There are 2 protein chains.
Amino acid sequence: MNIYQVAELAGVSIATVSRVMNGSDKVSEKTRSRVLQVIDEVGFTPNVFAQGLGLNTMHTIGILVPNISDIYMSSAVAYLQDSLAKYGYDLLLGNSGFEQEKKEQQTALLLSKHVDALIYVGSTYAGSGKDERETDYIRRAAEQVPVFVINGGVDGDNIYSSVCEDEAAVYNAAKVLIKKGCSKIWFLTDSRSYSAIKKRTGYERAIEEAGLNPVQLHVDNRIHKVRDYLLQHDDLNFDAVIAGSDAIAIGVMKYAVQKGLCVPEDIAVIGYNNSELALACEPELTSIDNHTEQICRDTVERMIKVFEAGGAENNIKRKLTVPCELVERGSS
Amino acid sequence: MNIYQVAELAGVSIATVSRVMNGSDKVSEKTRSRVLQVIDEVGFTPNVFAQGLGLNTMHTIGILVPNISDIYMSSAVAYLQDSLAKYGYDLLLGNSGFEQEKKEQQTALLLSKHVDALIYVGSTYAGSGKDERETDYIRRAAEQVPVFVINGGVDGDNIYSSVCEDEAAVYNAAKVLIKKGCSKIWFLTDSRSYSAIKKRTGYERAIEEAGLNPVQLHVDNRIHKVRDYLLQHDDLNFDAVIAGSDAIAIGVMKYAVQKGLCVPEDIAVIGYNNSELALACEPELTSIDNHTEQICRDTVERMIKVFEAGGAENNIKRKLTVPCELVERGSS
DNA sequence: TTATAAAATGTAAGTGCTTACATGTTCTGC
DNA sequence: GCAGAACATGTAAGCACTTACATTTTATAA
């Protein structure tokens, strides 16, 4: 069933059918209803490829995440999907991993499918001047479609980013620990993403302001890996840990259990993302909530605005900042 | 840049360029390399919409999950994405929720984008004869493209399903608990999915064989919701719980903590899916691993075979069964 | 060489839409 | 009753490919 057959049945030209489908106002009420009835009767759906050929869009948004199975990323995808569905957009999903090459490749793949926009969740970025070329592929993509970055440190023309205030969040978290009397507060993270760097900065600032000694450890993001890593080192000497994720934080708690240490008495622990994991352990985990849902919804809202504005010239905010919130529970 | 310009530059017709791109063997080596060189030089990518119009495919697979943010679903998506990427397929993602209407709607949306196949992860199904019409929309979809169902109970022409042996798994888990001396083993689940029904059947069989009394509770799938639900009831009387998910199981453990009961001494707990959550709690959770990764990879392998066979007539297995495994930890 | 088969390449007809522009129809005011 | 405006509809040219079929080129054998 194609537009020609519908036109035939309705006794009009294909242009008229097309106009009816696209809600053009230049159709008489009589004709419109007749066409709609035929469309309904025969169950006609326009061919997206033909539409795409003409319009160069398929109402699809490309999304690239490093790891969908990560609880934080997957909930971001869920929120994005949900919001976009309301506007009739579908999601084309790329799971990029953390390798540069794969990211570029997946980006090309999504672009080749003529997505209307690209969303990067937590794109890595080595930060100030370190190796900005790493994200060049994103800027190149932005020449073709608007790019939205969630918790990533990329900017440029046609790039819109939404970040949470990781630095302030960790700074405050460290302050809280200091106030509680902790003096050997370590920072554990698994990635060198833009977020991780901001977290680290906040951590260092708080620690140094208090005249303490900052210690950072780079670990895996899986509970048992963290525990085992810590168990293998006997030079550990912390009374508090701020972790880059809830899984890492729980890894620390597992270490404490093995060592016969008590949380929070001997070691205070603060996680990140406030995911379901934070509720699974005992005591429950104090965690920094970075308001993923809000960030995702804001991103979609802005995207729609960008579409409506059409083109890269607009006065829509390039960078949106969302505060984080320390959700205190038993672990600190 | 389009095929005409490439043809022009290479001094051949567009048909030849097309042949080169599609790896047709009817091109001389000389011509092929010349064309490839031009394609490479100018960075030509064929327009997927134009290709789609001719071929009626865009090398895209539609996937429908009830809830991507669920740790089990998201890891399934990750595995599927990973496997499919190897064959050059992209994933068009629908987050259907659990409502019938939304599922049908999302299915239609994906079909309208001419996906090459549909994957349903954990599609609900009320089971033997109860209301088979609920899944009619899946059978209708299967008239258009091959449909792959993971842990769902749908079958029909052009539908390929992969299920894990939930029934046997729960049966065995219950047996283990019985052997350990538990006599008041309850079963808690959150959904009436096909899997849930199989689990229940296994549970009932084991309990009844042992001459015990089966008790089932229908709960939410979130840790605190489960805990609160249990706390509100004071007629609880179990010494073991088999849960339909790890989150539910941990909810039970949270309840135990509140009540001052010990796990596993007072209450033995077994979860499902063997997710990261199972490692987060203390004691760690005994959980049934349903080998999601293997199921996903098998599904993709079969899909490729179906594509190669072309058409619904083939002797590729319609139903694949994967055993589950009880991973025993401290909670039981 | 030349007839003939085989291989390589080109031509042109789809594929199903959108939309600028052309044409036809209805309404308005005099 | 009619010019001219306003509105409705149709015509046809893209959009960028694939591929059956036609044609040309090259190889093969007598």
Side-chain angles (χ1 to χ4, degrees), chain A residues 1-39 42-60 88 109 111-116 144-145 307 310, chain B residues 1-39 42-60 88 109 111-116 144-145 307 310:
Chain A
M1 179 58 55
N2 62 26
I3 200 174
Y4 291 91
Q5 301 175 39
V6 172
E8 175 93 45
L9 289 170
V12 296
S13 73
I14 59 163
T16 299
V17 176
S18 177
R19 289 194 189 98
V20 169
M21 290 192 308
N22 296 293
S24 161
D25 51 347
K26 313 200 156 187
V27 186
S28 72
E29 223 17 82
K30 218 188 298 179
T31 315
R32 179 193 307 285
S33 65
R34 185 149 35 95
V35 171
L36 283 176
Q37 195 190 336
V38 172
I39 287 177
V42 302
F44 166 65
T45 323
N47 182 304
V48 285
F49 297 138
Q51 289 190 134
L53 246 193
L55 303 174
N56 208 34
T57 160
M58 213 176 70
H59 257 61
T60 300
L109 211 62
L111 284 177
S112 82
K113 303 223 165 162
H114 295 252
V115 292
D116 295 350
Q144 297 188 44
V145 293
F307 290 157
Chain B
M1 178 60 53
N2 62 27
I3 200 174
Y4 290 92
Q5 301 175 40
V6 172
E8 175 92 46
L9 288 170
V12 297
S13 74
I14 58 164
T16 301
V17 176
S18 176
R19 288 193 189 100
V20 169
M21 291 192 308
N22 296 294
S24 161
D25 51 347
K26 312 200 157 188
V27 185
S28 73
E29 224 17 81
K30 218 187 297 178
T31 314
R32 179 192 308 284
S33 65
R34 185 150 34 93
V35 171
L36 283 176
Q37 196 189 334
V38 171
I39 287 176
V42 302
F44 166 65
T45 323
N47 182 303
V48 286
F49 296 139
Q51 286 190 137
L53 246 195
L55 304 173
N56 208 33
T57 160
M58 213 177 69
H59 257 60
T60 299
L109 211 61
L111 284 176
S112 83
K113 303 223 165 164
H114 295 251
V115 292
D116 294 350
Q144 298 189 45
V145 293
F307 289 157

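All values derive from a computational prediction rather than experimental measurement. Throughout, a chain's letter reflects where its sequence line sits, starting with A, and its residues are numbered from 1.
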How close or far is atom [atom2] of [N] from atom [atom1] of [X], stated in whole angstroms?
| X | N | atom1 | atom2 | value |
| --- | --- | --- | --- | --- |
| Glu29(B) | dA7(C) | CD | P | 15 Å |
| Phe49(A) | dG14(D) | CZ | P | 24 Å |
| Gln5(B) | dC15(D) | CD | P | 11 Å |
| Ile14(A) | dG10(D) | CD1 | P | 11 Å |
| Asn22(B) | dT19(D) | CG | C1' | 10 Å |
| Asn56(A) | dA16(D) | CG | C1' | 11 Å |
| Glu8(B) | dG10(C) | CD | C1' | 15 Å |
| Leu55(A) | dC17(C) | CG | P | 12 Å |

Going through the distances and angles, do Val20(B) and Leu36(B) end up as a side-chain contact (heavy atoms from CB on, under 4.5 Å)? CA-CA 7 Å; Val20(B) 169; Leu36(B) 283 176; 3.7 Å; yes
Looking at dT18(C), I'd like to know if its phosphate oxygens (OP1 or OP2) sit under 4.0 Å from a side-chain N or O belonging to Ser18(A).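 Yes.
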Between dT18(C) and Gln51(A), is there an OP1 or OP2 to side-chain N/O distance shorter than 4.0 Å?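 Indeed, a polar side-chain atom of Gln51(A) lies that close.
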Hey, mind stepping through His114(B) and Val145(B) against side-chain contact (heavy atoms from CB on, under 4.5 Å) and telling me if it holds? CA-CA 9 Å; His114(B) 295 251; Val145(B) 293; over 6 Å; no
Donor-acceptor side-chain pairing of Lys113(B) and Thr60(A) below 3.5 angstrom: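 Present: a donor and an acceptor within the cut-off.
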Determine the minimum heavy-atom distance between Phe49(A) and Leu53(B), stating which atoms define it.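 Nearest pair, atom of Phe49(A) first, then Leu53(B): CB-N, 3.7 Å.
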Quick one: closest heavy-atom pair of Asp116(B) and Met58(B), and the distance?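 Here Asp116(B) and Met58(B) meet closest at OD1-N, 4.0 Å.
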Looking at every strand, decide which applies to [X] at a 4.0 Å heavy-atom threshold: base, sugar-phosphate, or nothing.
| X | answer |
| --- | --- |
| Val12(B) | sugar-phosphate |
| Thr16(B) | sugar-phosphate |
| Val27(A) | sugar-phosphate |

Within the structure provided, determine whether Met21(B) and Ile39(B) are in side-chain contact (heavy-atom separation under 4.5 Å).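 Yes, their side chains come closer than 4.5 Å.
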Note, Ile3(A) side chain near Phe44(A) side chain (heavy atom, < 4.5 Å):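 Side chain of Ile3(A) against side chain of Phe44(A), heavy atoms only: contact under 4.5 Å found.
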Quiz item: Tyr4(A) side-chain donor-acceptor pair to dC17(C) base, under 3.5 Å: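 A donor-acceptor contact between them is present.
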Out of [options], which nucleotide sits closest to the side chain of [X]?
| X | options | answer |
| --- | --- | --- |
| Ala15(A) | dC17(C), dC17(D), dG10(D) | dG10(D) |
| Leu53(B) | dT18(D), dA12(D), dT15(C) | dT15(C) |
| Ser28(B) | dT11(D), dG10(C), dT9(C) | dT9(C) |
| Thr31(B) | dC17(C), dT9(C), dC17(D) | dT9(C) |
| Asn47(B) | dC17(D), dG16(C), dT18(C) | dC17(D) |
| Arg19(A) | dG10(D), dA8(D), dA16(D) | dG10(D) |

Take Thr31(A) and Arg19(A) through the side-chain contact (heavy atoms from CB on, under 4.5 Å) test and state the conclusion after the steps. CA-CA 11 Å; Thr31(A) 315; Arg19(A) 289 194 189 98; over 6 Å; no
Work out how much the helix from dT1(C)-dA30(D) to dC30(C)-dG1(D) bends between its end axes, five pairs an end, to the nearest 10 degrees.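 Here the local axes at opposite ends form an angle of 40°.
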